[in-house]
Amino acid sequence: MASFIFLAFASCQKVAKVAQPDQWADYRKGYSWLSKRQDSAFFYFNRAASNAAAKDVVALAYYNMALIQVSAGDNYGAQESLTLSLKSLDEQQPNGRNYMATDYNELGLTCENLNENRDALNYYRLALRYADDKNLRPYILNDLGNACSKLGAYNQALSNYQAAISIGGYAGAIYAKTLTNLAVSRWRRDHHYNAAPELEKSLAIRVKGQDKWGENSSYAHLADFYKDRRPDSALFYAGKMYAVAGSLQSPDDELEALQKLIVLSRPAEVKAYFQRYQTLSDSVVKSRNAAKNQFALIRYNVEKSKAENLELQKENAAKKYQLSGVLIVVALGSILAVFWYRKRNQRLRLEAENRIRQNQLQLSQKVHDVVANGLYRVISGIENEDKIDKNDVLDQIEILYEQSRDISYEQPQAADGDFYIKITRLLTGFGSPATKIAVAGNSMEIWEKVGAHARHELEQVLQELMVNMKKHSHATSVAVRFGHQGRYFHIDYLDNGKGFPAETPFGNGLTNTGNRIKQMGGTITFDTKPNKGTKIHIAVPLT
């Protein structure tokens, strides 16, 4: 994304020369907010895209909206904006082909962010086809090389990097970027390859040029390269990356640096890094989900305002041709139009609010399932282990990190023949010397008639029950039994904890549990008394 920032400056120069500055007014306002408040910048870019008649204004506005959406993790929204930008471009117009090249290249980057690397290759090749400006081509070739490298096509990647150097030369930021990518791909192709001299040379160029983003990248690659060779050097570079990422206010890079520090640091320092990782990860998920909802609301409000203006224009144009003899009809028509207009606005507003509320509810449930309960399981495991296996902890953290980054879109749910093993590990993972967990009836056969969606939902339900037991019940004995009866799959949960006091309101976790069971057409019943344990029975229809 940063590779094409110079295009934005070029567009500003074009703004100053436009004969009709009103066409660019909202675009200029958006650009003035770009480095201060991205929500404000998005608002004005969106208004420019919706109201401007000049197609180049519309195309550039959508392009900048896409950059903002990518920075907030909304890659699908960015792809929609880039597609709209392309629709407004004409390759026969001045700069049209180069703008198309930047749009296609950014589409490639969004595909890489979504791990769709083969689609990314196609977009990068389209970008090269339209990139008439020689200065664009080294950046596109670099991105094309990165996609090839991720797919294991290292020879193709190296060929693209060499082409980028032949065009861009052996100096400056683009050379440092290409040299880093070249060294990393050679090392990935042959792990005995010594990439350190090239990586150090690239770092020196970036430090001299005060390229902080480039420094951050160099520190990350050097930490990875030295991880198994010289752990002390890897720790040094991970610390440098952590410091630079903090100064750049880049949470993704800070989280990556923390992952490296957790693996490489002394045991006494791991806990502090882990706590910072946990806090930052939660904050990133919440802020990005809030930003995505805000972008959707901004687009909805602008479209609604545009529709209202068009409707008013149509009404005003019609009134010019009405005769005085039909004033009564006009008056009645106006009354009906106002009534319909208010009802329509009310319906649209309610629909939008319901969609946003439903999205927030689903995202809240996902954050609770993936981040909150997942982290609690990691913490529970750390508390109950005499010795901490840092690699195992890192694996669990990395899984949670990937799940939290992908939390804004649905993952496919597939049947799993070893699902009963996964459930056993889930339940027994909450055991400790003070809490014994007994599991009965959990076998491969018992889960065969339970659909993939129901398995996923029941896994989350069981996790919520065990988390609630661990946090609140203080039980020393827990039993979970699985079985079939008629057309229903049954789960019986029993513990000897303190139970629920009378009229205790359920929190978000148990409320979500009830909602999940209800949506599957099942039932859940609680039999609990204070200090006399808890019995829970769940029944859901078989597929």
May I ask you to test the [X]-[Y] pair for a side-chain heavy-atom distance under 4.5 Å?
X      : Y      : value
Trp213 : Ser250 : yes
Arg186 : Glu198 : yes
Leu458 : Phe489 : yes
Arg118 : Leu151 : yes
Val478 : Leu494 : no
Tyr161 : Leu141 : no
Glu457 : Val540 : no
Lys271 : Phe274 : no

Among [options], the one residue meeting side chain to side chain contact (heavy atoms under 4.5 Å, CB included) with [X]:
X      : options                        : value
Tyr219 : Leu199, Asp253, Val244, Asp224 : Val244
Ile517 : Ile491, Asn512, Val461         : Val461
Arg425 : Leu427, Ile421, Ile423         : Ile421

Distance-only, no hydrogens or angles: does the [X] side chain make a donor-acceptor pair with backbone N or O of [Y] under 3.5 Å?
X      : Y      : result
Ser85  : Ser81  : no
Thr435 : Gly431 : no
Ser265 : Leu261 : yes
Tyr237 : His221 : no
Thr424 : Tyr420 : yes
Arg481 : Val439 : no

Intermediate values then yes/no, side chain to side chain contact (heavy atoms under 4.5 Å, CB included), Gln79 and Cys111: CA-CA 9 Å; Gln79 289 178 342; Cys111 287; 3.7 Å; yes

First locate atom [atom1] of [X], then atom [atom2] of [Y], and finally report the distance between them rounded to the nearest 0.5 Å.
X      : Y      : atom1 : atom2 : result
Tyr273 : Ile262 : OH    : CD1   : 9.5 Å
Met65  : Leu82  : CE    : CG    : 10.0 Å
Asn115 : Asp119 : CG    : CG    : 11.5 Å
Leu264 : Phe236 : CG    : CZ    : 13.5 Å
Phe430 : Ile437 : CZ    : CD1   : 9.0 Å
Leu121 : Cys148 : CG    : SG    : 5.0 Å

Which pair of non-hydrogen atoms, one from [X] and one from [Y], has the smallest distance, and what is that distance?
X      : Y      : value
Glu459 : Lys422 : OE2-CE, 3.1 Å
Ala120 : Gly108 : CB-O, 3.3 Å
Thr110 : Ala78  : CG2-CB, 4.1 Å
Lys150 : Asn117 : CD-OD1, 3.7 Å
Ala157 : Gly145 : CB-O, 3.3 Å
Tyr124 : Ala147 : CE1-CB, 3.9 Å

Over 12 non-hydrogen atoms of neighbours within 6.0 angstrom of CD in Glu445: yes

CZ (Arg487) with more than 12 external heavy atoms under 6.0 Å: no

Working for side chain to side chain donor-acceptor pair (under 3.5 Å), residues Thr513 and Glu464: CA-CA 7 Å; Thr513 295; Glu464 182 58 42; 5.2 Å; no

Pair Arg276-Glu254, side chain to side chain contact (heavy atoms under 4.5 Å, CB included): steps then yes or no: CA-CA 10 Å; Arg276 171 57 183 163; Glu254 192 173 347; 2.8 Å; yes

Side chain to side chain contact (heavy atoms under 4.5 Å, CB included) between Trp187 and His191, intermediate numbers included: CA-CA 5 Å; Trp187 168 47; His191 285 288; 3.7 Å; yes

Plane angle bin for Trp447 and Phe419 - parallel if under 30°, tilted between 30 and 60°, otherwise perpendicular: perpendicular

Pairing residues for Glu269 by the salt bridge (charged side-chain N to carboxylate O under 4.0 Å, His left out) criterion, not counting sequence neighbours: Arg266

Pi-cation contact, Tyr226 with Arg230 (under 6.0 Å, within 45°): yes

Salt bridge (Lys or Arg N to Asp or Glu O under 4.0 Å) assessment of Lys260 paired with Glu256: CA-CA 7 Å; Lys260 300 180 190 300; Glu256 182 182 347; 3.6 Å; yes

Asn216/Lys212 under side chain to side chain contact (heavy atoms under 4.5 Å, CB included): CA gap, chis, key distance, verdict: CA-CA 6 Å; Asn216 182 76; Lys212 290 296 183 181; over 6 Å; no

Non-neighbouring partners of Ala41 that pass side chain to side chain contact (heavy atoms under 4.5 Å, CB included), sequence neighbours left out: Trp33, Leu34, Phe45, Ile68

Steps toward side chain to side chain donor-acceptor pair (under 3.5 Å) verdict (Ser477, Asn496): CA-CA 6 Å; Ser477 176; Asn496 64 348; 5.0 Å; no

Return all side-chain donor-acceptor pairs below 3.5 angstrom for residues 531-539, not counting sequence neighbours, or 'none' if the list is empty.
unit_1, atom_1, unit_2, atom_2, d
Thr534, OG1, Thr528, OG1, 3.2
His537, ND1, Asp492, OD1, 2.6
His537, NE2, His490, ND1, 3.1

No-hydrogen, no-angle side-chain donor-acceptor test under 3.5 Å, Asn160 and Asn142: no

